[in-house]
Peer 1: 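Structure incoming, see below.
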Amino acid sequence: MLVGAVTGLVAGVLLGAVLHRGQLCFHALAAGVGEGRRALLRAWLLGVALGSVGLAALYATPLGDGLSTGLPFRPVAAVVGGLLIGVGMAVARSCVSGLFYKLGEGMLGALVGLVGWAVGELLARQVAVPGPTVLPGGDGGTIPGVLGLPRWAVAVVFLAVVVAGTVAHRRRRGPDTPVHAWQWTGPRLGVALGVVLVAGWALAGLGGASFGPSTVGAVSGLVSGSPNPWLLAFLPGLVLGSAVVARRDRALRVRGEQPVRYAQLALGGLLLGAGGLVAGGCNLGHGLSGVAQLNVSSWVVVAAITAGVLLTRRLVTARDGRDEATVRA
């Protein structure tokens, strides 16, 4: 238990530091796709592509023997859960991991969002989502398993395509411009993300956990009497890692929120927690670890999350436009 807690904390600190340095919030990533801002998307793709190669190598070692090799694909749960997560992101204007690393930066309102997230996960335990399991867990639930190809081969092709796209973009547009002097962008962020992702999985194996960076199951496992020491230490590690680096960057600023923001964070957090449990993974469990595993389910959940964010933002924009037109009339 102690080894699991220590390795989980270290994994959380590493990822929290990178999330802060890259200002990598999955809400911003998904919203940027709809607005033509794709810097975070490019960095994420490079990170998970590197992670897929790293995981393929890790699975070939004794350390990978106890690790999950893939998640089952339940289409209804994946789409419904992903949409709930996306709507929750748009309402809270953050993802779950974003709430953790922003708390480390001093955003006190993130605590409200995280309380909502915990309650949402507990409430979702009472819901049985219908629908078949189309693909099993393990290798059978992955893209290589469906195609009948070696994992390493698909991972290498994935990485080659992403690297080629990254090089082409930099030649055509130049490097991405950071908002802050300390911020990591482009390949630097992508490489850092891939390294800490694989390190997180390796640390999970060392700590006796079967799955790498994620958030789902921490609260429900604790309440049900089957806590995951690695995961329970990983989550505060995200806050600690972000806080340490934010302080060094002089970006640590304790602050509150406007009253309406607390309501948005509470409701959005509730949807994030419920959606994550329904989908069997969050923006980390599916959006980082699961995509790097090359899970079919994770790619579907990520697509549903993106759709949920974009649709919700469009509805809000349309409503605001109508309200403004009414006021002018």
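Computed from a predicted model, the values in this text were never measured in an experiment.
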Peer 1: Under a single-linkage definition using a 4.5 Å side-chain heavy-atom cutoff for Ile, Leu, Val, Met, Phe, Trp and Tyr, are L206 and M1 assigned to the same hydrophobic cluster?
Peer 2: no

Peer 1: Taking the side chain as everything from C-beta on, heavy atoms only, tell me whether L238 gets closer than 4.5 Å to Y101.
Peer 2: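 Not touching, per the 4.5 Å side-chain cut-off.
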
Peer 1: Would you confirm whether E35, through its side chain, and G32, through its main-chain N or O, come within 3.5 Å as a donor-acceptor pair?
Peer 2: no

Peer 1: Please check: side-chain N/O of R151 versus main-chain N/O of Y59, any donor-acceptor pairing under 3.5 Å?
Peer 2: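 Not a single qualifying donor-acceptor pair exists.
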
Peer 1: Taking atom CD of Q23 and atom NZ of K102, what is their separation to the nearest 0.5 Å?
Peer 2: 8.0 Å

Peer 1: To the nearest 0.5 Å, tell me how far N228 CG sits from L235 CG.
Peer 2: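 Separation between the atoms: 9.5 Å.
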
Peer 1: Could you tell me whether R247 atom CZ has more than 12 heavy atoms of other residues or ligands within 6.0 Å of it?
Peer 2: no

Peer 1: G138 and T142: which non-hydrogen atoms are nearest, and at how many Å?
Peer 2: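 Shortest heavy-atom separation between G138 and T142 comes out as O-CG2, 3.8 Å.
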
Peer 1: In Å and rounded to the nearest 0.5 Å, what is the OG to CZ distance from S297 to R74?
Peer 2: 9.0 Å

Peer 1: For V146 and G140, which heavy atoms make the closest approach, and how far apart are they?
Peer 2: CG2-O, 4.2 Å

Peer 1: Under a single-linkage definition using a 4.5 Å side-chain heavy-atom cutoff for Ile, Leu, Val, Met, Phe, Trp and Tyr, are L83 and V316 assigned to the same hydrophobic cluster?
Peer 2: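 No.
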
Peer 1: Hey, mind stepping through L19 and F100 against side-chain contact (heavy atoms from CB on, under 4.5 Å) and telling me if it holds?
Peer 2: CA-CA 10 Å; L19 292 178; F100 278 101; over 6 Å; no

Peer 1: Would you say L149 and V296 are hydrophobically clustered, going by side-chain heavy atoms of ILVMFWY under 4.5 Å?
Peer 2: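 Same cluster: L149 reaches V296 through Ile, Leu, Val, Met, Phe, Trp or Tyr contacts under 4.5 Å.
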
Peer 1: Say whether W152 and V53 are linked into one hydrophobic cluster, either directly or through other cluster members, by side-chain heavy-atom distances under 4.5 angstrom.
Peer 2: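 No, no single cluster joins them.
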
Peer 1: For the pair L315 and T312, evaluate side-chain contact (heavy atoms from CB on, under 4.5 Å) and give the outcome as yes or no after the intermediate values.
Peer 2: CA-CA 5 Å; L315 288 173; T312 304; 5.7 Å; no

Peer 1: Could you pull out all donor-acceptor pairs under 3.5 Å where a side-chain atom in residues 2-11 meets a protein atom, sequence neighbours excluded?
Peer 2:
unit_1: T7; atom_1: OG1; unit_2: V3; atom_2: O; d: 2.9
unit_1: T7; atom_1: OG1; unit_2: G4; atom_2: O; d: 3.1
unit_1: T7; atom_1: OG1; unit_2: L203; atom_2: O; d: 3.4
unit_1: T7; atom_1: OG1; unit_2: W230; atom_2: NE1; d: 3.4

Peer 1: Is the shortest side-chain heavy-atom distance between D249 and R21 below 4.5 Å?
Peer 2: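 Side chain of D249 against side chain of R21, heavy atoms only: contact under 4.5 Å found.
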
Peer 1: Any non-hydrogen side-chain atom of L265 less than 4.5 Å from a side-chain atom of M107?
Peer 2: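 The answer is yes; the side chains approach within 4.5 Å.
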
Peer 1: When rounded to the nearest 0.5 angstrom, what is the spacing between CG in L123 and OG in S220?
Peer 2: 12.0 Å

Peer 1: Check for a donor-acceptor pair, side chain of W44 on one end and backbone N or O of F26 on the other, with a separation under 3.5 Å.
Peer 2: no

Peer 1: Mind listing the closest non-hydrogen atom pair of N283 and M89 along with its distance?
Peer 2: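 Shortest heavy-atom contact: CB-CE, 3.8 Å.
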
Peer 1: Can you measure from OG (S298) to CZ (F73) and round to the nearest 0.5 angstrom?
Peer 2: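 Answer rounded to 0.5 Å: 10.0 Å.
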
Peer 1: Crowded around R172 CZ? As in, over 12 foreign heavy atoms under 6.0 Å?
Peer 2: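 Enclosed.
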
Peer 1: So among V18, L29, L15, which one has a side-chain contact (heavy atoms from CB on, under 4.5 Å) with L24?
Peer 2: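 Only one of V18, L29, L15 forms a side-chain contact (heavy atoms from CB on, under 4.5 Å) with L24, namely L29.
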
Peer 1: Enumerate, atom names and distances included, each donor-acceptor pair closer than 3.5 Å involving a side-chain atom of residues 178-199, sequence neighbours excluded.
Peer 2:
unit_1: Q183; atom_1: OE1; unit_2: V179; atom_2: N; d: 3.2
unit_1: Q183; atom_1: OE1; unit_2: H180; atom_2: N; d: 3.4
unit_1: T185; atom_1: OG1; unit_2: D176; atom_2: O; d: 3.4

Peer 1: Could you tell me whether the side chain of T166 and the main chain of V162 form a donor-acceptor pair under 3.5 Å?
Peer 2: yes

Peer 1: Could you check if a side-chain atom of R248 sits within less than 4.5 angstrom of a side-chain atom of H20, using non-hydrogen atoms only?
Peer 2: no

Peer 1: Between V309 and V33, is there a shared hydrophobic cluster once you connect ILVMFWY residues whose side-chain heavy atoms come closer than 4.5 Å?
Peer 2: yes

Peer 1: If every non-hydrogen atom of A204 is compared with every non-hydrogen atom of G212, which pair is closest and at what distance?
Peer 2: CB-CA, 4.2 Å

Peer 1: With a 4.5 Å limit on heavy-atom distance, are the side chains of P213 and W201 in contact?
Peer 2: yes

Peer 1: If you look at every heavy atom in P227 and L222, which pair is closest and at what distance?
Peer 2: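 For P227 versus L222, the nearest heavy atoms are CB-CD1, 4.0 Å.
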
Peer 1: Heavy atoms only: give me the nearest N295-L71 pair and the separation to one decimal.
Peer 2: OD1-N, 3.2 Å

Peer 1: Mind jotting down which residue pairs meet the side-chain hydrogen bond (donor to acceptor under 3.5 Å, both in side chains) criterion with at least one end in residues 250-269? Sequence neighbours excluded, please.
Peer 2: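 The answer is R93-Q264, R261-Q264.
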
Peer 1: Taking the side chain as C-beta and beyond, is there a heavy-atom pair between L271 and I85 under 4.5 Å?
Peer 2: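 They are not in contact (no side-chain heavy atoms under 4.5 Å apart), so the answer is no.
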
Peer 1: Do L99 and L103 make a side-chain contact, defined as non-hydrogen atoms from C-beta onward lying under 4.5 Å apart?
Peer 2: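 No, side chains not in contact.
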
Peer 1: Begin from the C-alpha positions of V115 and L111 and carry the test side-chain contact (heavy atoms from CB on, under 4.5 Å) through to its verdict.
Peer 2: CA-CA 6 Å; V115 170; L111 285 170; 5.5 Å; no

Peer 1: Got P144 and P150 here, is their nearest side-chain heavy-atom distance under 4.5 Å?
Peer 2: no

Peer 1: What is the distance from atom CD1 of I305 to atom CG of L310, rounded to the nearest 0.5 Å?
Peer 2: 11.5 Å

